[in-house]
Amino acid sequence: MSILKVNHVKKIYTTRFGKQRVNALEDVTFSVEKGEYVAIMGESGSGKTTLLNILAALDKATSGQVLLNGMDLSTIREKEIAAFRRENLGFVFQDFNLLDTFSLQDNIFLPLVLAGVKYDEMQKRLFPIARKLEIGNILSKYPYEVSGGQKQRTAVARALITNPKLILADEPTGALDSRSSDQLLGLFSDINAEGQTILMVTHSTKAASHAGRVLFIKDGQVYHQIYRGNLTNEELYQKISDTLTMIATGGGRYE
Ligand SMILES: Nc1ncnc2c1ncn2[C@@H]1O[C@H](COP(=O)(O)OP(=O)(O)OP(=O)(O)O)[C@@H](O)[C@H]1O
Ligand SMILES: [Mg+2]
């Protein structure tokens with residue numbers, strides 16, 4: 001079953017005073033099946049964040065359609081969007097987006113507090129997630145008291161605690177050193193193996209080599225895609241590198 005369907009999405013930004021138009025997305029079509037782990041790659045400015053913002057209903061497509069779990073995002077009423085997002089999506093941002101005046105635990109609880117979940121239930125959900133993420137013993141600390149990797153794992157816990165249908169991640173390893181980045185990628189692989197659907201935007205070939213499928217965006221379209229098949233991470237890494245080179249030199253359009 002497709003959890004996400006993106007049909008011919010186009011996004012044109014008009015700058016102030018309408019002087020300039022930027023075609024950020026020309027015609028993007030793809031779908032994500034339940035349980036998939038998909039990476040999206042593309043050069044800076046190719047429209048990756050634009051696409052994620054549209055999928056997250058933080059921005060609207062100029063034309064085209066996005067179906068999340070069968071629901072057309074454009075039909076959700078403005079005042080229901082926040083609840084829809086909370087119930088269906090988990091976000092992991094490059095810069096963590098934790099609140100400095102909240103402890104790690106309260107940061108993780110935030111989406112549940114907003115959803116009106118009882119404290120006992122929040123605690124019950126937190127325990128296994130905190131254990132898996134190895135942050136159980138630092139939950140009472142504040143974001144400025146912990147490392148970048150610990151902050152990012154807290155952000156992942158906050159994304160997971162609502163049992164989202166889909167996790168959207170924008171450069172989740174972007175601000176991490178290689179050890180923390182490996183840990184985060186291992187974690188994404190684990191939660192994906194347990195059935196969590198993940199869509200991750202990344203510049204990192206290493207990060208993308210953990211996914212089951214890699215989409216390449218260029219010229220506002222899905223220009224190419226590769227499936228892992230039976231490849232190991234190392235083999236997929238090589239294939240992604242080759243594909244990036246091929247795309248940079250103008251070859252390899254699929255379809
Ligand atoms: N609010 C905006 N108004 C006008 N143009 C914008 C706006 N946001 C993005 N753009 C333009 O749209 C294009 C796509 O930007 P986007 O941020 O989606 O790229 P990206 O692939 O995420 O890049 P990066 O890898 O650098 O994060 C760029 O040309 C950018 O300058
Ligand atoms: Mg971006």
Side-chain angles (χ1 to χ4, degrees), residues 4-32 37-66 68 73-74 78 81 85 89-98 148 151-152 155-156 159 166-178 181 184-185 188 198-211 213-226 237 240-241 243-250 252-254:
L4 179 69
K5 278 191 174 196
V6 179
N7 292 324
H8 302 292
V9 163
K10 186 180 180 89
K11 177 70 182 180
I12 303 173
Y13 287 112
T14 311
T15 50
R16 264 202 297 173
F17 312 120
K19 278 232 171 76
Q20 256 186 332
R21 288 152 54 96
V22 178
N23 288 22
L25 300 173
E26 280 292 343
D27 184 2
V28 174
T29 297
F30 68 94
S31 51
V32 175
Y37 181 178
V38 177
I40 297 185
M41 300 191 83
E43 288 178 1
S44 181
S46 60
K48 304 179 300 295
T49 297
T50 301
L51 178 62
L52 273 197
N53 286 343
I54 291 171
L55 302 185
L58 292 166
D59 199 356
K60 279 189 158 50
T62 305
S63 62
Q65 188 188 41
V66 179
L68 185 63
L73 293 190
S74 68
E78 203 62 42
I81 281 182
R85 225 181 264 136
L89 299 170
F91 299 97
V92 182
F93 300 95
Q94 172 170 3
D95 53 4
F96 322 130
N97 272 13
L98 298 175
K151 270 192 269 212
Q152 191 58 301
V156 173
L166 177 65
I167 290 220
L168 295 175
D170 197 356
E171 291 284 355
T173 61
L176 301 179
D177 62 27
S178 71
S181 156
L184 184 85
L185 293 171
F188 270 24
I198 303 174
L199 185 63
M200 169 178 73
V201 161
T202 184
H203 277 117
S204 154
T205 303
K206 174 125 188 244
S209 72
H210 283 70
R213 177 157 60 114
V214 186
L215 302 180
F216 299 85
I217 298 195
K218 187 185 175 185
D219 302 331
Q221 305 179 37
V222 177
Y223 189 83
H224 191 79
Q225 66 173 332
I226 50 186
Y237 182 100
I240 295 167
S241 302
T243 304
L244 290 171
T245 309
M246 184 178 72
I247 290 174
T249 53
R253 183 77 222 270
Y254 90 119

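We count ligands from 1, going down the list as the structure has it; atoms in each ligand are counted the same way. Quick note: numbers below take in every heavy atom, side chains included, and nothing from hydrogens, waters or symmetry partners.
- Polar contact check, G47 against ligand 1: a nitrogen or oxygen pair lies under 3.5 Å apart.
- At least one protein heavy atom sits closer than 4.0 Å to atom 8 (N) of ligand 1.
- Taking only nitrogen or oxygen atoms, main chain and side chain alike, A24 does not reach within less than 3.5 Å of ligand 1.
- With hydrogens left out, the protein atom closest to atom 30 (C) of ligand 1 is V22 CG1, 4.8 Å, a heavy atom.
- If you check the side chains of Y13 and T50, you find a donor sitting under 3.5 Å from an acceptor.
- Looking only at protein heavy atoms, the nearest one to atom 4 (C) of ligand 1 is Y13 CB, 3.3 Å.
- Distances from ligand 1 to the non-hydrogen atoms of G42 include no value under 4.0 Å.
- For ligand 1 and S46, the ligand atoms under 4.0 Å from any heavy atom of the residue are 19 (O), 21 (O).
- L199 and L4 make their closest contact through CD2-CD2, 4.0 Å (heavy atoms, listed as atom of the first residue, atom of the second, distance).
- Looking at atom 13 (C) of ligand 1, its nearest protein heavy atom turns out to be G45 O, 3.6 Å.
- T49 lies close to the Mg ion (ligand 2), since one of its N, O or S atoms is found at a distance under 2.8 Å.
- Protein heavy atom at the shortest distance from atom 15 (O) of ligand 1 is T50 OG1, 3.7 Å.
- Residue contact annotation: H203 has a non-hydrogen atom under 4.0 Å from ligand 1.
- By the 3.5 Å distance cut-off applied to N or O atoms, K48 is counted among the residues near ligand 1.
- Looking from atom 26 (O) of ligand 1 to the surrounding protein, the closest heavy atom is S44 OG, 2.5 Å.
- Here the side chains of D59 and K11 are in contact, with some heavy-atom distance below 4.5 Å.
- Using a 4.0 Å heavy-atom cutoff, E43 is listed among the residues neighbouring ligand 1.
- Of all protein heavy atoms, the one lying nearest to atom 17 (O) of ligand 1 is T49 CB, 3.8 Å.
- Here E43 does not pair with K218 in a salt bridge; the nearest charged N to carboxylate O distance is not below 4.0 Å.
- The shortest heavy-atom contact between A208 and V214 is O-CG2, 3.8 Å.
- From S63, atom OG reaches atom NE2 of H8 across 10.0 Å, with rounding to the nearest 0.5 Å.
- Counting only heavy atoms from C-beta outward, the side chains of L25 and N23 never approach each other to under 4.5 Å.
- No side-chain heavy atom of Y223 sits less than 4.5 Å from a side-chain heavy atom of I217.
- Considering only heavy atoms from C-beta on, I167 stays 4.5 Å or farther from F91 through its side chain.
- When only modelled atom types and interatomic distance are considered, H203 and E171 share a side-chain donor-acceptor pair under 3.5 Å.
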